Amino acid sequence: MTAPLLVAHDLSRAFTSGRRRVAALDGVSLSIAPGETLGLVGGSGCGKSTLARVLTRLVPPESGSIAFMGDDWLALSGGRLRAARRHLQMVFQDPLAAFNPRATVGGVIADALRIHAVVPREKRRAEVGQLIERVGLPSGLEERSIRDISGGQRQRVAIARAIAVQPRLIVLDEAASALDVSVRGRILELLVDVQRETGVAYLFISHDLAVIRAVSHRIAVMAAGRIVEEGPAAAVIAAPASDTLRELIGAVPALKGNPQA
Ligand SMILES: Nc1ncnc2c1ncn2[C@@H]1O[C@H](COP(=O)(O)OP(=O)(O)OP(=O)(O)O)[C@@H](O)[C@H]1O
Ligand SMILES: [Mg+2]
């Protein structure tokens, strides 16, 4: 068996708002193998985005550990952190919030190439053009403002930016949730194609079990800050062990009573 790419152990993180203390993560452990898609599904407020932010070091956990590519990820700093960061990218639900709204499509992708020195400067333009083509965007979109393109196109730019640096893992937090059904389907296809070509692993987060089912090799189900069940996607959906998963299955007509659909 190949060594896992990422192993998170016993992560906890609480937030206080007013006098209320919410355990957003309450002892979460998971592992992701190279090239696989782990789907993380759960209802609103169960802690999915907090887990995404902790894994990408946007939010520090209160306890627990993360090994990424064999390193103690939470202890890395300086040059070693920068080098490792390249390999762990993130795509959000609303890329507009993640981009400088004045940026151009080409600028967003070129910045990622520059920051991580992926290709020599003189090859950057050509590489941007190739990435734009790779994610199915029309050529010539480079000069357009990120504000002036559609939501689906913007999500393709976010994917192009993420794959530009040839990462080992991309955390996608509700990355297709704001898109309408046909656009969403094409984005999911793009992600699957990219994975087949590059061997990148995904942590694919969604509240929508049908979407999770379409892209995931394994599924982890989350409720109230904990992972309540986990296993191969088809097997877990065919025989749900938690109330949370039974409810999620009940909300997807195509899966209800026909778990192989
Ligand atoms: N920065 C914060 N300050 C205070 N509370 C927070 C913060 N971030 C998250 N929380 C709380 O932690 C819990 C988990 O939130 P989180 O955003 O991780 O859930 P989620 O599963 O991503 O939900 P959704 O499906 O709505 O995206 C919620 O109760 C939320 O209100
Ligand atoms: Mg969320």
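We use all heavy atoms of the structure for the numbers below, so side chains are in, but hydrogens, waters and symmetry mates are not. Model, not experiment: these values are computed from the prediction. The first residue of the sequence shown is numbered 1, and numbering continues consecutively from there.
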Could you tell me whether the side chain of [Y] reaches within less than 4.5 Å of the side chain of [X], counting heavy atoms only?
X	Y	answer
Leu169	Tyr202	no
Val105	Ile146	yes
Arg226	Cys46	no
Asp243	Val228	no
Ile249	Leu245	yes
Phe68	Leu76	no
Met69	Leu5	yes
Thr198	Gln166	no

Mind checking the [atom1]-[atom2] spacing from [X] to [Y]? Nearest 0.5 Å is all I need.
X	Y	atom1	atom2	result
Glu36	Thr2	CD	OG1	9.0 Å
Ile132	Gln153	CD1	CD	10.5 Å
Ser177	Gln155	OG	CD	9.0 Å
Leu191	Thr37	CG	OG1	8.0 Å
Lys48	Asp173	NZ	CG	8.0 Å
Ile109	Ile159	CD1	CD1	11.0 Å

Is it the case that atom CD in Glu62 sees more than 12 heavy atoms from other parts of the structure closer than 6.0 Å?
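Yes, the 6.0 Å shell around CD holds more than 12 heavy atoms from other groups.
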
Arg82 atom CZ, neighbour heavy-atom count above 12 within 6.0 Å:
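Check fails, neighbour count at 12 or below.
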
Would you check if the side chain of [X] reaches a backbone N or O of [Y] as a donor-acceptor pair within less than 3.5 Å?
X	Y	answer
Arg184	Leu179	yes
Asp71	Trp73	no
Ser12	Gly27	yes

Looking only at heavy atoms, which two atoms of [X] and [Y] are closest? And how far apart?
X	Y	result
Asp26	Ala224	CB-O, 4.4 Å
Arg154	Ile149	NH2-O, 2.9 Å
Ala8	Leu55	CB-CD2, 4.0 Å
Ala234	Arg213	CB-NH2, 4.0 Å
Ser31	Pro4	CB-CB, 4.4 Å
Gly64	Leu74	O-CD1, 4.0 Å

Which residue pairs pass the side-chain hydrogen bond (donor to acceptor under 3.5 Å, both in side chains) test when at least one of the two sits in residues 87-96, sequence neighbours left out?
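Checked against side-chain hydrogen bond (donor to acceptor under 3.5 Å, both in side chains) - neighbours excluded - no pair reaches residues 87-96.
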
Give the cluster check for [X] versus [Y]: same hydrophobic cluster or not, with ILVMFWY residues linked at side-chain heavy-atom distances below 4.5 Å.
X	Y	result
Val192	Leu203	no
Phe92	Leu172	no
Val7	Leu11	no

